[in-house]
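Both counts, for ligands and for their atoms, begin at 1 and track the order of listing. Only a predicted model underlies this, so the values are computations on that prediction, with no experimental measurement involved. Along the sequence shown, residues are numbered consecutively beginning with 1.
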Amino acid sequence: MKVGILGAGQLARMIALAGYPLGLEFIFLDPSADACANHLGEHLHGDYNNLDLLAQLADRADVVTYEFENVPAEVAGFLATHTQVHPSPKALAVAQDRLTEKNFFNDIGIATPAYAAVNSLADLQAVMAGIGYPAILKSRTQGYDGKGQSVLKSADDLASAWHTLDGVPAIVEAFVPFQREVSVIAARNVNGDIVYYPLSENLHRGGILRVSECTTDDPMQTQAQTYVTRLLEALDYVGVLALELFEVDGRLIANEFAPRVHNSGHWTIEGAETSQFENHLRAILGLPLGATTAVGKAAMVNFIGGLPETGSILGIPGVHLHLYGKEPRKGRKVAHATIRTLTDATLGELTQKIATIANQVDDS
Ligand code: AMP
């Protein structure tokens with residue numbers, strides 16, 4: 001079987017690495033000549049809207065998936081008329097527009113922060129009375145890792161925040177005074193079977209994920225599973241999906257979902273019975289899903305902008321290093337480490353140690 005992937009970055013790379021033991025082959029479409037998954041399969045080099053390359057991808061792959069959600073809707077639609085595409089173009093369309101996504105959450109009973117669409121400075125000024133301060137202005141599309149976002153602390157911030165966005169359609173949302181950020185990662189296969197990983201507790205800085213920790217018996221697990229089940233079923237979703245949530249006063253409020261494998265689930269490679277990458281492949285290939293049970297206490301630390309010295313990380317028992325084969329560059333995710341131990345105390349201690357090393361090489 002050959003799996004086609006739109007994008008050949010680290011997520012595609014980790015999907016391919018999980019697929020090798022299952023005898024799978026891979027073909028990637030990516031505009032970058034040195035994308036980090038390229039040498040794990042065939043590489044079609046060109047733009048995502050190159051119809052000739054898309055046709056080749058559809059022709060040569062038994063199923064096509066993607067590693068990011070900002071695939072033009074027409075591209076996913078074109079592929080879906082030629083081959084099996086999972087997740088569906090509909091899931092992509094909902095995830096890639098923050099307004100459509102928030103409307104969708106509300107339609108299926110998933111709580112969100114208060115929000116409003118904004119198409120002009122006058123709109124923004126008008127809706128702020130209802131939203132209140134602080135708030136966050138976000139571009140509706142193309143935003144990730146906190147890009148295209150401004151915090152609004154008072155009416156004095158509105159004009160500059162609006163101009164920073166360069167006139168693109170936006171959404172403003174109330175700032176949630178959360179106690180924790182968590183994500184629930186789930187996989188649904190073509191038969192409608194669903195498996196859920198233990199919640200990840202996530203720490204962001206500057207809008208970028210820094211550390212994720214696998215929780216044990218999290219009090220919010222059931223509510224998160226209820227939400228993600230609604231989402232998976234409403235979208236008739238196939239594959240892995242990550243739903244990012246804020247916890248505030250014992251309630252969960254949805255931030256966004258990613259229709260793909262997710263950075264907050266990287267700990268599953270060593271920390272779960274079956275990794276999110278393998279389960280994504282199982283789901284899209286119509287195979288039985290694997291157990292998602294944690295195999296100890298696990299956490300993940302991202303390396304952003306700079307790499308640690310390999311030996312210094314590998315010398316720490318219980319720590320696994322994943323280098324993505326990418327040149328370090330400001331703000332770029334270049335590696336992660338998984339920490340897997342038996343007790344909360346050692347997990348906390350080692351995670352702190354690795355996070356300190358990550359901060360030292362971090363230039364973001
Ligand atoms: P996003 O790109 O929407 O996932 O936002 C990146 C990060 O910014 C989130 O993980 C939060 O830490 C923070 N953030 C985004 N939206 C809100 C919000 N409405 N209230 C509080 N923090 C937020």
Side-chain angles (χ1 to χ4, degrees), residues 11 67-70 91-92 94-106 110-118 124 127-128 130-154 157-158 161 164-165 168-185 199-213 215 220 224 227-228 231 241-267 299-302 304 331-333 336 355 362 364:
L11 299 181
E67 64 156 8
F68 60 100
E69 53 275 41
N70 291 319
L92 269 191
V94 175
Q96 64 190 207
D97 180 336
R98 292 185 192 274
L99 181 62
T100 316
E101 183 184 36
K102 290 239 167 22
N103 290 339
F104 197 82
F105 282 148
N106 279 288
I110 297 180
T112 62
Y115 64 97
V118 173
L124 181 59
V127 298
M128 281 314 293
I131 300 288
Y133 295 96
I136 306 193
L137 182 69
K138 302 179 177 180
S139 61
R140 274 175 58 176
T141 60
Q142 303 292 332
Y144 63 97
D145 284 348
K147 292 189 175 62
Q149 299 191 11
S150 306
V151 175
L152 309 172
K153 295 202 172 105
S154 73
D157 296 334
L158 301 190
T164 312
L165 279 186
V168 298
I171 179 172
V172 63
E173 23 178 282
F175 188 89
V176 180
F178 57 81
Q179 281 93 42
R180 285 197 302 161
E181 287 191 79
V182 295
S183 53
V184 56
I185 296 177
L199 293 195
S200 299
E201 187 172 319
N202 305 322
L203 190 74
H204 293 81
R205 204 173 59 244
I208 306 181
L209 181 70
R210 308 289 162 157
V211 177
S212 284
E213 190 173 317
T215 64
M220 305 314 286
Y227 275 0
V228 79
L231 192 55
L241 178 147
L243 175 61
E244 294 185 62
L245 301 151
F246 301 122
E247 181 186 338
V248 55
D249 302 332
R251 289 180 62 222
L252 290 179
I253 297 181
N255 177 28
E256 61 182 0
F257 77 93
R260 54 170 166 79
V261 290
H262 193 253
N263 195 172
S264 65
H266 289 1
W267 61 265
M300 183 261 358
V301 175
N302 271 336
I304 297 164
R332 196 179 205 201
K333 291 176 183 166
H336 76 263
D362 186 338
S364 59

Examine ligand 1 and decide if any of its atoms is less than 4.0 Å from a heavy atom belonging to A174. yes
Proximal atoms of ligand 1 relative to H204 (non-hydrogen, under 4.0 Å): 10 (O)
Could you tell me which atoms of ligand 1, counted from 1 in the order shown, lie closer than 4.0 angstrom to a heavy atom of K138? 3 (O), 15 (C), 16 (N)
Under 3.5 Å between some N or O of ligand 1 and some N or O of R98? yes
Just go through I208, V248, V176, N255 and tell me whose heavy atom is the nearest to atom 20 (N) of ligand 1. V176
Candidate with minimal heavy-atom separation from atom 9 (C) of ligand 1, of E256, E181, R205: E181
For N106 and T112, does a side-chain donor sit closer than 3.5 Å to a side-chain acceptor? yes
Distance alone, cut at 3.5 Å: any donor-acceptor contact between the side chains of D97 and T141? no
Does a salt bridge link K102 with E173, judged by any charged N lying under 4.0 Å from a carboxylate O? yes
Sort out for me which residue in N202, V211, L209 forms a side chain to side chain contact (heavy atoms under 4.5 Å, CB included) with M300. L209
Using the six-membered ring wherever Trp is involved, compare the ring planes of H336 and H266 and label them parallel, tilted or perpendicular (cut-offs 30° and 60°). tilted
